[in-house]
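Below, all heavy atoms of this structure are taken into account, side chains as well, without hydrogens, waters or symmetry copies. The chain is numbered in sequence order, starting from 1.
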Amino acid sequence: MAGYQRKTALSPSDVLERAERILPDLVGLTRSKSSGHGATYTGAEGTVTLSAHRHGPYTDVVAQTDRLRTSRVDYEVQKFLNQLPYEPGDTGGPGSGEPT
């Protein structure tokens with residue numbers, strides 16, 4: 001099991017909306033549970049649990065997986081988190097070394 005954390009300027013609901021748009025396509029996961037501050041996605045590649053909580057101007061996003069850090073689902077979750085805009089006004093997206 002692996003865990004990842006990221007701060008973002010997005011609201012918790014915006015983070016969860018992005019996850020719903022991106023994670024099913026990236027890894028073939030389906031949302032199996034959801035709440036106002038989190039969601040769980042499951043599929044053949046594994047399970048990802050996201051939680052998003054606002055603290056001042058930032059939202060703390062925590063992702064837990066049931067796989068090793070070297071799995072495909074872990075790679076894609078890390079990529080998803082890195083695409084979240086850190087500061088207000090950032091557009092987010094792939095880093096300079098990532099293909100678009």
Side-chain angles (χ1 to χ4, degrees):
M1 190 163 180
Y4 307 95
Q5 185 171 2
R6 168 85 174 181
K7 284 187 178 183
T8 181
L10 295 176
S11 70
S13 62
D14 289 339
V15 169
L16 296 174
E17 285 174 22
R18 280 192 187 204
E20 183 63 27
R21 284 193 322 262
I22 294 171
L23 291 179
D25 290 338
L26 280 178
V27 199
L29 301 176
T30 304
R31 187 177 65 205
S32 58
K33 295 181 191 174
S34 67
S35 70
H37 293 283
T40 299
Y41 295 87
T42 57
E45 296 287 338
T47 300
V48 177
T49 302
L50 288 177
S51 67
H53 297 277
R54 193 73 172 183
H55 299 283
Y58 295 101
T59 296
D60 284 323
V61 183
V62 176
Q64 297 282 335
T65 71
D66 66 344
R67 304 294 175 164
L68 298 174
R69 290 189 184 270
T70 56
S71 72
R72 179 172 174 232
V73 73
D74 281 80
Y75 173 76
E76 297 296 350
V77 165
Q78 290 176 65
K79 207 161 95 174
F80 166 74
L81 292 175
N82 284 331
Q83 290 182 4
L84 298 175
Y86 182 71
E87 294 288 335
D90 286 350
T91 59
S96 60
E98 292 284 329
T100 55

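Using a 4.5 Å cut-off between side-chain heavy atoms of Ile, Leu, Val, Met, Phe, Trp and Tyr, with links allowed through other members, L26 and V15 fall into the same hydrophobic cluster. Hydrophobic clustering, with ILVMFWY side chains joined whenever heavy atoms are under 4.5 angstrom apart, keeps L16 apart from V62.
Of all heavy-atom pairs spanning Y86 and Y58, the tightest one is O-CE2, 3.3 Å. Of all non-hydrogen atoms in A19 and P24, the two that sit nearest each other are O-CD, 3.4 Å. Shortest non-hydrogen contact noted between P57 and R54 is O-NH2, 3.1 Å. Of all heavy-atom pairs spanning A52 and P12, the tightest one is O-CB, 3.6 Å.
For the pair D14 and E17, the minimum side-chain heavy-atom distance is below 4.5 Å.
With rounding to the nearest 0.5 angstrom, the OG atom of S13 is 11.5 Å from the CZ atom of R18. Here E76 contributes atom CD and L29 contributes atom CG; the two are 9.5 Å apart, rounded to the nearest 0.5 Å.
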Atom pairs and distances, side-chain donor-acceptor, residues 40-50, under 3.5 Å, sequence neighbours left out:
unit_1, atom_1, unit_2, atom_2, d
Y41, OH, E20, N, 3.4
Y41, OH, E20, OE1, 3.1

Donor-acceptor list for residues 2-10 side chains, cut-off 3.5 Å, not counting sequence neighbours:
unit_1, atom_1, unit_2, atom_2, d
Y4, OH, D74, OD2, 2.6
Y4, OH, Q78, NE2, 3.4
R6, NE, L81, O, 3.3
R6, NH2, L84, O, 2.7
T8, OG1, L10, N, 3.2
T8, OG1, P85, O, 2.5

